[in-house]
Amino acid sequence: MTPLFDPIQVGDLELPNRIVMAPLTRNRAVAGLKPGALQVEYYRQRASAGLIISEATQISPMGQGYLDTPGIYDSAQVAAWKQVTDAVHAVGGRIFVQLWHVGRISHSSLLPDAAAPVSSTDRRPNVQTFAAEGFVDVSAPRALRDEEIPALIEDYRHAARCAREAGFDGVEVHAANNYLLEQFLRDSVNDRTGPYGGSIFNRARLVVEIMQAIAAEIGAGRTGIRISPMTTFNDTARDSDPQALFEHLVARLDPLGLAYVHVIQGETGGPRYPDDAERPFDYAALKACFDGPWMLNNGYGPEDAPQALAAGEADLIAFGRPFISNPDLVRRLREGAPLTPPNPETFYGGGAEGYTDYPTLDADGAVES
Ligand code: 8OZ
């Protein structure tokens with residue numbers, strides 16, 4: 001048997017397999033930035049995953065950066081997400097919510113009182129986002145003052161509390177893809193002085209304080225984190241020393257006893273080891289900094305996912321696009337069945353098409369349409 005189907009203890013949860021549904025932004029939230037009936041069906045269909053990680057979900061109104069992404073900070077959102085978690089649990093699944101703050105990857109039209117996005121810096125990246133009026137350049141950000149950081153940490157803690165009230169089994173903190181938390185981590189963005197800028201220790205401080213606050217609120221065994229040491233997504237240069245930065249961060253998180261660390265290798269949708277890397281990132285050395293379950297992501301499939309587990313490179317593999325178009329991905333991997341390819345035209349926004357209408361195998365293992 002492939003190691004994909006060995007059970008594993010992940011924090012407070014026992015997972016029946018190593019197949020995780022990666023967080024996937026789909027821009028289909030209903031009015032009030034809530035999940036609706038479609039999301040209930042979408043996540044229920046995918047509940048055979050060892051663990052579902054929800055689409056990125058903002059911790060506060062200021063955390064939003066794209067049209068129709070859901071939030072988890074008010075009581076209506078909690079009630080709506082409860083429908084999703086109940087549906088997943090009813091068919092035996094487990095689901096974490098990914099807690100997200102976009103930082104400077106936003107547009108004022110998406111923010112309360114047309115505010116400027118907030119970041120570690122006031123420098124604007126050359127990137128577009130999708131707002132009500134279509135694709136627009138992101139707005140110039142405002143650097144958060146140090147005195148504003150405690151309220152930001154409180155927003156994360158509050159969202160984690162809301163997540164548990166909504167029935168989520170835990171949370172994954174989105175510290176990847178050059179959104180707010182990575183805007184503090186990287187010296188290519190963070191140009192602050194003071195306690196949250198300068199040294200690696202200081203740049204990691206915000207993430208560490210957020211993880212401590214959430215772990216204190218809901219338990220470390222229900223708290224994971226996602227990082228992406230090498231991605232240049234969102235027009236962001238790499239840190240001057242990603243290996244040192246991320247080894248420091250993971251080593252400092254290790255004593256908290258988190259449920260897992262989730263690493264995007266390379267660029268989402270691109271190579272795991274980008275050719276232009278000055279030195280290839282040493283993911284094994286990063287893993288050695290952490291005692292708990294280690295999750296890898298980016299383009300894994302039926303052949304290389306079990307290989308990575310067998311080689312000890314990972315304990316869990318997160319699958320993104322394969323889960324979009326194969327709600328029964330777990331069964332297909334178990335049976336060696338062919339995978340349906342996803343349609344990128346329906347990734348972001350829209351309705352049921354390309355969302356809840358992908359086929360599953362029938363009882364004989366044939367693809368039903
Ligand atoms: C695609 C489009 C918008 C957001 C990420 C949350 O990259 C995202 C995202 C992906 O982490």
Side-chain angles (χ1 to χ4, degrees), residues 20-29 33 35 39 42-43 52-60 62-72 96-107 109-111 117 119 125-132 134-139 156 159 163 171-186 189 207 210 224-236 238 246 261-272 274 295-299 318-325 342-350 354-355:
V20 175
M21 179 174 166
L24 294 158
T25 289
R26 305 301 306 272
N27 305 82
R28 284 165 167 85
L33 304 175
Q39 282 82 359
Y42 166 78
Y43 285 110
I52 294 172
I53 304 165
S54 82
E55 64 206 273
T57 299
Q58 52 266 7
I59 59 158
S60 66
M62 281 302 292
Q64 186 178 354
Y66 304 83
L67 193 66
D68 297 337
T69 56
I72 181 118
F96 275 30
V97 62
Q98 194 192 44
L99 298 184
W100 191 30
H101 190 308
V102 297
R104 65 178 184 164
I105 310 298
S106 189
H107 186 264
S109 66
L110 295 161
L111 298 174
S119 182
N126 184 17
V127 53
Q128 294 202 311
T129 183
F130 193 79
F135 282 100
V136 285
D137 290 345
V138 298
S139 304
Y156 274 91
V171 308
E172 174 179 283
V173 172
H174 191 345
N177 290 344
N178 296 309
Y179 294 106
L180 179 67
L181 299 186
E182 203 159 22
Q183 292 160 26
F184 275 82
L185 288 172
R186 293 190 184 199
V189 181
V207 175
I210 287 169
I225 186 170
R226 192 180 210 209
I227 55 178
S228 56
M230 293 298 273
T231 193
T232 57
F233 185 60
N234 281 322
D235 183 39
T236 305
R238 296 192 183 105
F246 285 91
V261 171
H262 179 182
V263 183
I264 303 168
Q265 295 172 282
E267 310 262 356
T268 296
R272 284 184 214 142
M295 189 187 304
L296 291 180
N297 166 254
N298 193 11
F319 297 84
R321 280 164 295 174
F323 253 119
I324 290 180
S325 49
N343 173 12
E345 304 282 310
T346 51
F347 279 178
Y348 307 113
Y355 192 56

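Read the numbers this way: they start at 1 and go in the same order the structure lists the ligands and their atoms. The structure displayed is predicted, hence computed values, not measured ones.
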Novice: Regarding Thr232 and Glu267, is there a side-chain donor-to-acceptor distance under 3.5 Å anywhere?
Specialist: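 There is such a pair between these side chains.
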
Novice: Could you name the option among Phe130, Trp100, Tyr66 that has the heavy atom nearest to atom 3 (C) of ligand 1?
Specialist: Tyr66

Novice: Does Arg26 make a cation-pi contact with Tyr355, if we ask for NZ or CZ under 6.0 Å from the ring centre and within 45° of the axis?
Specialist: no

Novice: Does Phe233 come within less than 4.0 angstrom of ligand 1, counting non-hydrogen atoms of the residue?
Specialist: yes

Novice: Is there a donor in the side chain of Tyr66 and an acceptor in the side chain of Gln58, or the other way round, less than 3.5 Å apart?
Specialist: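 No, Gln58 and Tyr66 have no side-chain donor paired with an acceptor closer than 3.5 Å.
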
Novice: Determine whether the side chains of Gln98 and Ser54 contain a donor N or O and an acceptor N or O closer than 3.5 Å.
Specialist: no

Novice: Among all the protein's non-hydrogen atoms, which is closest to atom 8 (C) of ligand 1, and how far away is it?
Specialist: Tyr179 OH, 3.5 Å

Novice: At less than 4.0 angstrom from any non-hydrogen atom of Thr25, what atoms of ligand 1 do you find?
Specialist: 3 (C), 4 (C), 6 (C), 8 (C), 9 (C)

Novice: Using 30° and 60° as the class boundaries, would you call the ring planes of Tyr179 and Phe233 parallel, tilted or perpendicular?
Specialist: perpendicular

Novice: Should you measure from each heavy atom of Asn177, which atoms of ligand 1 turn up under 4.0 Å away?
Specialist: 5 (C), 7 (O), 11 (O)

Novice: Among all protein non-hydrogen atoms, which one is nearest to atom 2 (C) of ligand 1, and what is the separation to 0.1 Å?
Specialist: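 Here the closest protein heavy atom is Tyr348 CE2, 3.7 Å.
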
Novice: Could you check whether any heavy atom of His174 sits closer than 4.0 Å to an atom of ligand 1, since that is the contact criterion I want to use?
Specialist: yes

Novice: Check each atom of ligand 1 against the heavy atoms of Ala56 and keep those under 4.0 Å away; list them by number with element.
Specialist: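 Matching atoms, with element in brackets: 6 (C).
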
Novice: Say whether Ser228 and Glu182, considering side chains only, have a donor N or O and an acceptor N or O under 3.5 Å apart.
Specialist: yes

